Structure formats: structure tokens, C-alpha cells
Amino acid sequence: MARSALLNVMVAAARKAGRGLARDYGEVENLQVSMKGPGDFVSAADKKAEGVLLEELRRARPSYGLMMEESGVHSGDDPDHVWVVDPLDGTTNFLHGIPQFAISIALERAGVPVAGVIYNPATDELFTAERGGGAFLNDRRLRVAARKDMVDCVIGTGVPHLGRGDHGAYLGELRQVMANCAGIRRIGSAALDLAWVAAGRYDGFWEHGLNPWDVSAGWLMVKEAGGFVTDIDGKEKIHETRTIVAGNEHIHRQLLATLAKARG
Ligand code: IPD
Ligand code: CA
Ligand code: CA
């Protein structure tokens with residue numbers, strides 16, 4: 001599979017940072033861990049990976065800006081191009097030795113993702129997408145699952161936890177979705193959740209309280225795999241509302257309706 005120069009830059013950066021994360025994952029007990037907030041850990045590996053990504057992406061495209069989870073915004077001369085980067089999505093999994101975490105890199109042009117890479121160094125699964133060019137897992141082209149009825153579907157989600165999210169409202173949503181689907185999963189990495197929708201592993205996904213670096217690459221990935229992605233109101237204000245709902249045409253619609261019912 002021939003990748004564009006742009007995707008090559010992103011893949012090279014993700015693989016380089018991923019080598020460091022994989023090494024650190026092997027020694028997870030020895031990591032220096034600092035507390036960022038309740039239930040929200042930031043590891044030394046996280047910061048190191050972000051440093052590698054910053055260096056690689058800056059070197060390849062010096063004029064582009066960056067929005068990075070740990071170090072914030074690094075402005076560039078080109079106001080239209082911004083890398084949106086989560087160096088370690090699934091930090092809690094990483095710290096607990098659960099091999100589901102990823103580096104997520106998107107390139108946004110005027111606020112819209114046009115290229116995305118999601119790389120899990122523990123499984124060596126590399127998801128890539130470019131606007132108009134489709135979505136891939138390693139060299140295999142991806143297509144969202146074809147199921148038409150939510151009762152047959154596995155739906156991914158993010159469950160709020162200590163200090164995060166509106167637990168009552170979420171439980172109302174979960175009650176509706178769990179009563180109308182074949183199974184619920186909570187993997188602990190929003191980037192991988194979306195990549196898994198693109199890969200047809202999950203039929204749908206919804207979550208609240210996500211940031212651009214959690215979802216930007218995955219949003220494009222699902223769309224390029226033929227899926228639908230909106231915020232919880234069915235609009236494209238994913239970054240503004242910090243909500244996301246994804247699936248194929250049918251499941252996306254049913255999931256939106258089910259969530260709307262929960263919200264009254
Ligand atoms: C988290 C993961 C998780 C989601 C959280 C995110 P982090 O990102 O994506 O699945 O439920 O809301 O904050 O903290 O591991 O980068
Ligand atoms: Ca994240
Ligand atoms: Ca992170």
C-alpha cells in the first residue's frame with residue numbers, strides 16, 4: 001500500500017514515539033508517576049512520547065501548529081494546519097498493564113481532520129486514514145460493520161469515573177443502550193474505540209467529555225471507513241460539545257435516537 005508523504009511523516013513519528021512507549025510499558029512499575037487530577041495519571045512515558053512527537057512533526061512540517069495534550073498549543077506560521085496529538089491515549093490502561101493504549105495524531109485543516117494515525121505499540125496495530133483516501137489497519141482497507149439493527153450490535157462507550165463526567169446522566173444513557181443492544185464494551189482509549197468502529201469490531205460508540213486530541217484522528221478514521229460521526233445532537237460540533245457518536249449509517253441513527261430518549 002502506497003502512503004502519501006504526509007501519512008509517512010505521521011507514521012514515522014508514531015512509530016518512533018511508540019518504540020519508547022513500548023519500552024516503558026515493559027517497565028511500567030518503575031515509571032515515575034505524577035497526579036494530574038483525580039483518576040487522571042500522567043506518566044513519564046507520556047511526556048517523553050509527546051516530546052518525540054513534537055520534535056518529529058515540527059521537523060517535518062516546521063510551519064504547522066500543534067495542539068498537544070500535555071504541553072498545550074504550539075503555534076505555527078501556517079494558521080490553517082494544526083497537528084492534534086495525544087501521545088498516550090489510554091493512560092490508565094498503560095499504568096495498569098492493560099495492552100490497549102495508543103498514540104493519536106491528526107492533522108486538522110481549518111478545524112477539520114484531514115489525516116489521522118492511531119498506533120497501538122503493544123499490539124503493533126497501525127490505523128491510518130487520509131481524507132478521500134480511505135482508512136487502513138496496517139495494509140488492510142477498513143470498512144465499518146454492516147449490521148442494521150442495534151439489537152445485534154456491540155457498542156463501545158466511555159464510562160465516567162471518580163471526578164469525571166455526569167454519572168447520573170450517563171447511567172440513564174447506559175440503561176437505554178444496554179437494553180437495546182447485544183453488548184457494551186469499555187476499552188479505555190477513545191482513539192482505539194473509534195479505530196475499532198472503523199475496523200468493524202464495534203458497531204457503534206458514544207462518549208462525553210472528550211478532547212480534540214482524543215477524537216480527531218478517530219473521527220476521520222470512521223468517516224473514511226464509510227461510517228457516520230457526529231456530536232450527541234447529530235451535528236458536527238464534536239470539539240465544541242466534547243461529545244461523539246459513531247457507527248454505520250443505521251447504527252449511528254439508532255444510537256442517537258436511543259441517547260435522545262435517555263435525555264428525555
Ligand atoms: C482518556 C481515554 C479514555 C476516555 C477518557 C480520556 P487519556 O484519555 O481516551 O478512553 O474515557 O475520557 O481522557 O487520559 O488516557 O489520554
Ligand atoms: Ca486521551
Ligand atoms: Ca493522553
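Both counts, for ligands and for their atoms, begin at 1 and track the order of listing. Please read all numbers here as calculations on a predicted model, not as lab measurements. For this chain, numbers begin at 1 and follow the sequence in order. Below, all heavy atoms of this structure are taken into account, side chains as well, without hydrogens, waters or symmetry copies.
Remark: E56 does not engage R19 in a salt bridge, criterion side-chain N to carboxylate O under 4.0 Å. Comment: R242 does not engage D214 in a salt bridge, judged by the lack of any side-chain N to carboxylate O separation of less than 4.0 angstrom.
The main-chain N or O of T241 is never found under 3.5 Å from a side-chain atom of D231 such that the two would form a donor-acceptor pair. The backbone N or O of K148 lies less than 3.5 Å from a partner atom in the side chain of Q254, making a donor-acceptor pair. Between the side chain of N248 and the backbone N or O of I251 there is at least one donor-acceptor pair closer than 3.5 Å. No donor-acceptor pair under 3.5 Å is formed between the side chain of N93 and the backbone N or O of P99.
Distances from ligand 1 to the non-hydrogen atoms of G209 include no value under 4.0 Å.
With hydrophobic clusters built from ILVMFWY side chains whose heavy atoms lie under 4.5 angstrom apart, V11 shares a cluster with Y119.
Where the criterion is an N or O separation shorter than 3.5 Å, residue side chain and backbone included, D89 meets it with respect to ligand 1. For the pair A190 and ligand 1, the shortest N or O to N or O distance falls below 3.5 Å. For the pair T92 and ligand 1, the shortest N or O to N or O distance does not fall below 3.5 Å.
Taking NE2 from H239 and CD from E108, the interatomic distance works out to 3.5 Å, rounded to the nearest 0.5 Å.
Put simply, the residue from R253, H252, E236 that forms a side-chain hydrogen bond (donor to acceptor under 3.5 Å, both in side chains) with T230 is H252.
Ring geometry, F94 versus F101: the interplanar angle exceeds 60°, so the pair is classed perpendicular (tilted spans 30 to 60°).
Atom numbering of ligand 1 starts at 1 in the shown order; those under 4.0 Å from a heavy atom of T91 are 7 (P), 14 (O), 15 (O), 16 (O). Close approach of ligand 1 to L210 is summarised as follows: ligand atoms under 4.0 Å from at least one heavy atom of the residue are 12 (O). Taking every non-hydrogen atom of R186 and a distance limit under 4.0 Å, the qualifying atoms of ligand 1 come out as 3 (C), 10 (O), 11 (O). Shown in contact with D86 at under 4.0 Å from a heavy atom are these atoms of ligand 1, numbered in order with element: 16 (O). Atoms of ligand 1 found under 4.0 Å from any heavy atom of E69 (numbered from 1 in listed order, with element): 16 (O).
Considering only heavy atoms from C-beta on, T92 stays 4.5 Å or farther from H161 through its side chain.
Legend: protein N/O/S atoms lying under 3.0 Å from the Ca ion (ligand 3), waters omitted, number 3.
Under 4.0 angstrom from ligand 1, there are no non-hydrogen atoms of V159.
With distances taken over non-hydrogen atoms, the option nearest atom 3 (C) of ligand 1 out of P87, G188, G158, G218 is G188.
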